[in-house]
Amino acid sequence: MVVLRAGLCPGLTEDMIQLLRANGIRTVVDFVSSDLEDVAQKCSLSYKALVAVRRVLLAQFSAFPANGADLYEELKSSTAILPTGSPSLDQLLDSGLYTGDVTELMGAPGSGKTQVCLGIAASVSLGLKQHVLFLDSTGGFTASRLYQMLRAQTEDEEEQAILGRLRLCFVLQLEALRRIQVVRVFNIYELLRALQELRDRLSQQVVSSMGPLKMVLLDSVSAVIYPLLGGRQSEGLALMMQLSRELKTLAREFSLAVVVTNQVTRDSSTGPLKPALGRSWSFVPSTRVLLESREATWEKATTQRAASLVKSPRQPTGIQVELDLG
Amino acid sequence: MQREVGTLPLAPALRARLAAAGFQTAQELLDTGPCGLSKEIGISREEALEALQVVRQECQGDAARTAGGSGATRKCTALELLEEEQTQGFIITFCSALDNILGGGVQLTKITEICGAPGVGKTQLCMQLAVDVQIPECFGGVAGEAVFIDTEGSFMVDRVVDIAAACVQHCHLIAEAQQEEDLRKALETFSLENILSHIYYFRCRDYTELLAQVYLLPEFLSEHSKVRLVVIDGIAFPFRHDFEDLSLRTRLLNGLAQQLIIIANDHKSAVVLTNQMTTRIGQSQSTLVPALGESWGHAATVRLILHWDNSQRLATLYKSPSQKESTIAYHITSHGFRDVQPPAVTHSTEGTELNPRKRPRTEEGKQ
């Protein structure tokens, strides 16, 4: 619903706008949906000028249909599949994280969501040499654990620790750390601001410290939205939908893989676990993975986790794999 | 500056009016100016001016950051964070097993939650930490001050005196053993009165006082910049009894968690919370779980659960971003929180494991 303004398109002058407004036409939608002959008579404007303006406005503001073959070609050339660093998780996600999609990891506290995110960041930064943006809203990002994971990954590939190779490993690890940028956002407005900044930077294609960005990790989305939901105001819901739109357009327009972590809640103290943020949010991610600990109580500690596929556009749901957080 | 109007921090009523008038991006708002704005959406000129100031601040903030960032932003690469973490200190607990499983001690800039049944030692640990945060840097401490927010009234000053006296004595012993000048100099300021005067104590009786206190905490911390520990003893207590609206409770708790993580991050201090336990009745068994529900479990970065095993106190690290889950035993003595003493050498099998320097009696007998 864009308001008509002078300069919006070449034929639209201030006088025209005043005349149109006097007759109740304020926005672009009003203009293109009204009968132009009628308008020309009432506002005493030239019919040709109005038709020209309408053509320009339609070209500017409408969406263009594309045919399936073109879309397929575009997808083939722009979509990448990023491996997550864990073969069993890759198997669950149909060989990895697809760019252009929003993937969600959910789980109870201590189920390993942050660990899996760190593993993904390490694998993309080290293995693919791509830049990663990590938006941390819970303070759970520990660089020393990330460094530990990077060391484990480089030392896997290098079997002989000759002095030269060790130094190369170290340099690779430092490079990988430099490619991961961490932004701490602790409320929804800061998060929206950070996403807006990212979009500005990507659309201007500033080749600065931010090289080819392929992945955005947000840990966690429920920490910033929970304080706004509930009660009688619907403001929280509106902000949540704004956030989801930002994430999806970023993923689609700039071919990024977006990974989001979410909490789980229960309906009552004995009900089953369900993902947080309600039904409105459940439509946002295209793939959802649930992380669970093998043991039911906290008394037996283990690093084994079970990941099951709850929602996916490519695989049948219900597949389960074992993950070792290491 | 293509920021959408819906993402700006304005009042909901104002936002609704802007959407109805057809404004979409922040740039359009700035172009219209306050007079045009007040005319179009029917608000007073002062309100329009205020709204535009907020918008300008947000957009200028954006521009400053894209141009190359000021120091106030929380953006950095993982490498810089790693360097920061490696130079950051830990707050030791005087129980070396517990420090080991925590990765060195209680970490700064993170929220640590201590859950446990009544009487297992949560308040004792908090008091120990409030003393330990003040240990001077040459002894391996952080040389900070502590804020203690008490909601249950379980803070006993005489107990803190005992713990502090034991800590000071321990440091004296180390200084004498090592005979270094700077250690002795540091000890001059590390005395009982000093320790007690640097623990700032607040008493909150219900949840509104607690929320208000946490809201006022950033100002307090910017005046007392040496504070490195904030303890809230009993975050469950004000929220557990007579709260009719559970969704309000979830919202308040989550907002509180976000405020605490901002405090921990901006002032480089550790936040320690204590929580109670509740029983979850399952289908065939009942288990003890931390109170305040599932969503609260995500608030703390590190979760430590203290429990009993017959008469032995155990601590389990349940949730941590960098350490593995494990369980250790600890002891509470008159000096405070300590390790469990290894059993006597008469138990021959255990003697070999616990004290490798001493040859066990069975082998001596053979030789």
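Small disclaimer: the values here were computed from a predicted structure and weren't measured.
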statement: chain B shares the most heavy-atom pairs under 4.5 Å, among Tyr147(A), Phe141(A), Tyr226(A), with Tyr226(A)
- prompt: Between Glu80(B) and chain A, which part of the residue has a heavy atom less than 4.5 Å away: side chain, backbone, both or neither?
  reply: neither
- request: Go through Arg15(B), Glu83(B), Glu84(B), Gln323(B) and name the one with the most non-hydrogen pairs under 4.5 angstrom from chain A.
  value: Arg15(B)
Residue among Cys76(B), Gly255(B), Ala16(B), Ala264(B) with most heavy-atom pairs under 4.5 Å to chain A: Cys76(B)
message: With a 4.5 angstrom heavy-atom cut-off, is it the side chain or the backbone of Gln263(A) that approaches chain B, or both, or neither?
response: both
- prompt: What part of Ala223(A) gets closer than 4.5 Å to chain B, counting heavy atoms only: side chain, backbone, both or neither?
  reply: both
- line: Closest non-hydrogen contact found for Ala257(B) with Trp296(B) is CB-CZ3, 4.0 Å
- prompt: Can we say Glu190(A) and Arg193(A) salt-bridge, meaning some charged N sits less than 4.0 Å from an Asp/Glu carboxylate O?
  reply: no
- request: May I have the step-by-step check of side chain to side chain contact (heavy atoms under 4.5 Å, CB included) for Arg313(B) and Trp308(B), ending in yes or no?
  value: CA-CA 5 Å; Arg313(B) 292 181 153 97; Trp308(B) 294 94; 3.4 Å; yes
Short side-chain donor-acceptor distance under 3.5 Å, Thr316(B) and His307(B): yes
statement: Minimal heavy-atom distance between Met106(A) and Val264(A), with the atoms involved, is CB-CG1, 4.3 Å
Flag if over 12 foreign heavy atoms under 6.0 Å of CZ, Phe61(A): yes
- request: Mind running side chain to side chain contact (heavy atoms under 4.5 Å, CB included) on Met149(A) and Gln115(A) for me, showing each step along the way?
  value: CA-CA 10 Å; Met149(A) 286 181 173; Gln115(A) 297 298 305; 3.8 Å; yes
- line: So, the part of Leu146(A) with a heavy atom under 4.5 Å from chain B: the answer is side chain
query: For Arg145(A) and Gln148(A), does a side-chain donor sit closer than 3.5 Å to a side-chain acceptor?
result: yes
- request: May I ask you to name which of Thr77(B), Leu8(B), Leu79(B) has the most heavy-atom pairs under 4.5 Å with chain A?
  value: Leu79(B)
- line: So, the part of Thr142(A) with a heavy atom under 4.5 Å from chain B: the answer is both
field: Engaged part of Tyr189(A) at the chain B interface, taking heavy atoms whose separation is under 4.5 Å
entry: both
task: Just give me the residue among Leu252(B), Thr301(B), Leu81(B) that pairs up with chain A most often, heavy atom to heavy atom, under 4.5 Å.
output: Leu81(B)
query: Side chain, backbone, both or neither: which part of Ala108(A) has an atom under 4.5 Å from a heavy atom of chain B?
result: both
task: Could you check Ile263(B), Val271(B), Asn265(B) and say which one makes a side chain to side chain contact (heavy atoms under 4.5 Å, CB included) with Thr109(B)?
output: Asn265(B)
- request: Tell me, out of Gly297(B), Ser320(B), Gly103(B), who's got the most heavy-atom pairs with chain A below 4.5 Å.
  value: Gly297(B)
Side chain, backbone, both or neither of Ile180(A) within contact of chain B (heavy atoms, under 4.5 Å): both
